[in-house]
Amino acid sequence: CVDYMLPKTTMEEFCYNELIHHCAADNERSIANGIDGLKPSQRKILHTARQRKNGEVKVASLAANTTDLTAYHHGEQSLVSAIMSMAQKHVGTNNIAYLKPNGQFGSRLTKRDEGLAQPRYVFTEISDIAKKMFRAEDDAVLSYAEDDGKQIEPTYFVPVISNVLVNGCEGIGTGYKTSIPNFNPLDIIDQTVSYILHADKALEELVPYYMGFKGRVEKEGDFYIFSGLYEIKDHILTITELPPKVWSTHYFESLQKLTYDYIVDIDQQSTKEDVRIIVKCKSGTKLEDKNILEDFKLSTKIALNQMHLFDKDNVLTRYSCTSDIIKDHAKIRLDMYQKRLQYQIRKVELDVELYKNKARFLKEVSDGKLKIMNKKKEELRSELKTLHYFEHEKFNYLITMEIFNLTLDEVDKMIKLAQKMQDELDILKNTTPQQVWLRELDELKTEYQTYMYKCLNPDVKLKEKKQRTSKKN
């Protein structure tokens with residue numbers, strides 16, 4: 001850092017000793033980690049939401065809880081905006097929303113940060129599919145960050161598939177920019193399965209995908225072209241779909257500024273979910289002869305040449321293709337499964353020993369072989385050690401057992417539990433990381449298909465909303 005005790009410093013010293021820290025922090029806040037696809041604020045929000053066990057919570061309260069639990073230092077309004085964004089489901093936002101939008105969280109009519117209800121009036125909670133994407137079984141083996149000696153959120157999560165490809169990422173830091181579109185989770189799952197089964201085989205490149213988008217996607221050179229839809233009937237043009245991230249109200253306003261002499265009137269009939277803009281032209285106008293996509297700006301180009309992400313070592317990396325992102329994520333995910341299996345094996349081995357020793361302890365107490373009455377705890381601990389009982393936490397698992405558990409019925413129960421744990425241990429020891437991953441990919445695929453069906457069928461969402469309302473009342 002710059003020595004502020006000195007009367008002056010050079011520009012070079014200031015840039016390399018002071019400004020550089022701001023630039024690094026700016027990039028960390030603006031560009032996602034390639035492993036979990038999250039920026040720091042999103043990771044803190046997701047961690048806090050996953051810790052909650054009490055159902056939905058006000059957005060304002062979740063922001064406050066996140067500040068307290070994860071030592072967020074940049075103001076709650078930034079968290080509120082991030083929470084609202086993480087819960088959005090309409091076209092052009094998230095392919096998978098990890099928070100539920102229980103209220104007005106925006107629509108296709110306006111930009112993502114417009115048309116939102118006040119955070120004190122809307123609710124959210126962790127979504128069901130988030131639990132399949134970010135597995136609770138991983139929590140014990142994740143690495144956690146610290147703030148002033150307090151454990152906060154994980155350094156990064158390790159989702160079942162590459163999340164940065166699911167929901168994309170946009171951000172401008174200092175000297176770096178990232179722009180990654182959304183891709184189809186089902187395609188990502190298929191490519192991940194292909195990598196698991198044939199790691200040396202080249203993966204197919206993914207095509208950008210936004211759930212609910214009804215238009216066309218075509219590749220043109222290094223670009224993907226997203227085109228909206230329209231219908232022509234006589235001299236009336238009806239626009240029924242817009243490219244992703246083109247919002248109905250703003251598009252309508254841009255149409256009103258067009259100076260084409262053949263346009264008579266423009267009528268906005270779009271809803272929160274669907275696009276419908278009617279352009280009335282002069283009678284006799286041959287709309288079929290015009291380049292509608294170009295004249296009415298109904299197409300956008302998406303390039304994949306700015307895919308910058310932080311890697312597992314927190315180093316900014318430029319990716320040239322989606323397959324490299326999938327492979328880098330897959331290596332970390334496989335290592336996570338290995339750590340998780342080892343942790344589970346150690347835990348179940350401990351449980352087996354505890355249940356076996358509890359059964360033995362209860363049996364010997366019931367048979368009178370082991371006297372526990374009128375003895376001090378230290379004396380009993382010494383005797384248990386002499387009898388070669390499994391020592392764990394100073395034998396507290398034995399000497400703190402309640403007296404009504406000292407029965408033969410409990411002996412049988414402990415023997416059965418020990419056998420159950422032994423069977424589970426045998427299964428774990430014969431399970432590979434690849435097998436666990438394939439099973440969880442299948443669970444995620446099933447959950448996503450259900451999620452997608454509900455998102456694309458408003459009647460199902462409306463029915464669930466009514467059921468939620470009736471429970472509150």
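The model shown is predicted, which means the values in this text are computed figures rather than measured ones.
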ask   = After noting the C-alpha distance and the side-chain angles of Leu19 and His22, does the key distance pass the side-chain contact (heavy atoms from CB on, under 4.5 Å) rule?
value = CA-CA 5 Å; Leu19 182 62; His22 163 76; 4.1 Å; yes
query = So Glu153 and Arg50, salt bridge (Lys or Arg N to Asp or Glu O under 4.0 Å) or not? Walk me through it.
reply = CA-CA 11 Å; Glu153 78 281 356; Arg50 291 176 77 245; over 6 Å; no
How far apart are the closest heavy atoms of [X] and [Y], and which atoms are they?
X: Pro208; Y: Val217; answer: O-CG1, 4.2 Å
X: Pro159; Y: Asp36; answer: CD-CA, 3.7 Å
X: Lys39; Y: Ile31; answer: CG-C, 4.2 Å
X: Asn33; Y: Ile35; answer: OD1-N, 2.7 Å
X: Ala97; Y: Lys89; answer: CB-CG, 3.9 Å
X: Gly37; Y: Gln42; answer: O-OE1, 4.1 Å

With a 4.5 Å heavy-atom cut-off, do [X] and [Y] have their side chains touching?
X: Leu186; Y: Tyr209; value: no
X: Leu370; Y: Leu387; value: yes
X: Gln51; Y: Asn65; value: no
X: Tyr156; Y: Ile332; value: yes
X: Gln422; Y: Lys356; value: yes
X: Val57; Y: Glu125; value: no
X: Tyr210; Y: Lys245; value: yes
X: Val160; Y: Trp437; value: yes

inquiry  = Using the ring centroid of each side chain, check whether Phe213 and Phe226 are separated by less than 6.0 Å.
reply    = yes
ask   = Under the side-chain hydrogen bond (donor to acceptor under 3.5 Å, both in side chains) criterion, do Arg318 and Asn305 qualify, and how do the steps go?
value = CA-CA 9 Å; Arg318 180 174 182 173; Asn305 58 0; 5.5 Å; no
Are any of the side-chain nitrogens in [X] or [Y] under 4.0 Å away from the carboxylate oxygens of its partner?
X: Arg340; Y: Glu440; value: yes
X: Lys376; Y: Glu378; value: no
X: Glu205; Y: Lys219; value: no
X: Lys420; Y: Asp351; value: no

For the pair [X] and [Y], name the ring-plane relationship: parallel under 30°, tilted 30 to 60°, perpendicular over 60°.
X: Tyr72; Y: His74; result: perpendicular
X: His90; Y: Trp247; result: perpendicular
X: His308; Y: Tyr176; result: perpendicular

Test your reading of the model: is there a side-chain donor-acceptor pair from [X] to the backbone of [Y], 3.5 Å cut-off?
X: Asn95; Y: Val166; value: yes
X: Lys177; Y: Ile172; value: no
X: Thr322; Y: Leu206; value: yes
X: Asn396; Y: Glu393; value: yes
X: Arg108; Y: Ser248; value: no
X: Gln151; Y: Tyr144; value: no
X: Gln88; Y: Phe105; value: yes
X: Asn182; Y: Thr93; value: yes
X: Ser194; Y: Asp190; value: no
X: Ser85; Y: Ser81; value: no

message = Quick one, Asp128 with Lys132, criterion salt bridge (Lys or Arg N to Asp or Glu O under 4.0 Å). Give me CA distance, side-chain angles, the key distance, then yes/no.
response = CA-CA 7 Å; Asp128 294 334; Lys132 299 295 184 183; over 6 Å; no
query = Between Glu28 and Asn314, does a side-chain hydrogen bond (donor to acceptor under 3.5 Å, both in side chains) hold up when you go through it step by step?
reply = CA-CA 9 Å; Glu28 286 186 11; Asn314 207 37; 3.2 Å; yes
remark   = Of Thr66, Leu69, Thr67, the one forming a side chain to side chain contact (heavy atoms under 4.5 Å, CB included) with Lys44 is Thr66
inquiry  = Before you tell me yes or no, could you show the steps for Asn163 and Phe157 under side-chain contact (heavy atoms from CB on, under 4.5 Å), namely the whole-Å CA-CA distance, both residues' side-chain angles and the distance that decides it to 0.1 Å?
reply    = CA-CA 10 Å; Asn163 178 54; Phe157 288 100; over 6 Å; no
Flag if over 12 foreign heavy atoms under 6.0 Å of [atom1], [X]:
X: Gln449; atom1: CD; result: yes
X: Lys445; atom1: NZ; result: no
X: Asp313; atom1: CG; result: yes

task = Apply side-chain hydrogen bond (donor to acceptor under 3.5 Å, both in side chains) to Asp147 and His73, showing your working.
result = CA-CA 11 Å; Asp147 183 88; His73 302 297; 3.2 Å; yes
query = Is there a side-chain contact (heavy atoms from CB on, under 4.5 Å) between Glu443 and Thr446 once you walk through the steps?
reply = CA-CA 5 Å; Glu443 292 175 5; Thr446 301; 5.9 Å; no
task = Determine, stepwise, if the pair Asp328 / Leu309 fulfils side-chain contact (heavy atoms from CB on, under 4.5 Å).
result = CA-CA 11 Å; Asp328 274 11; Leu309 297 166; over 6 Å; no
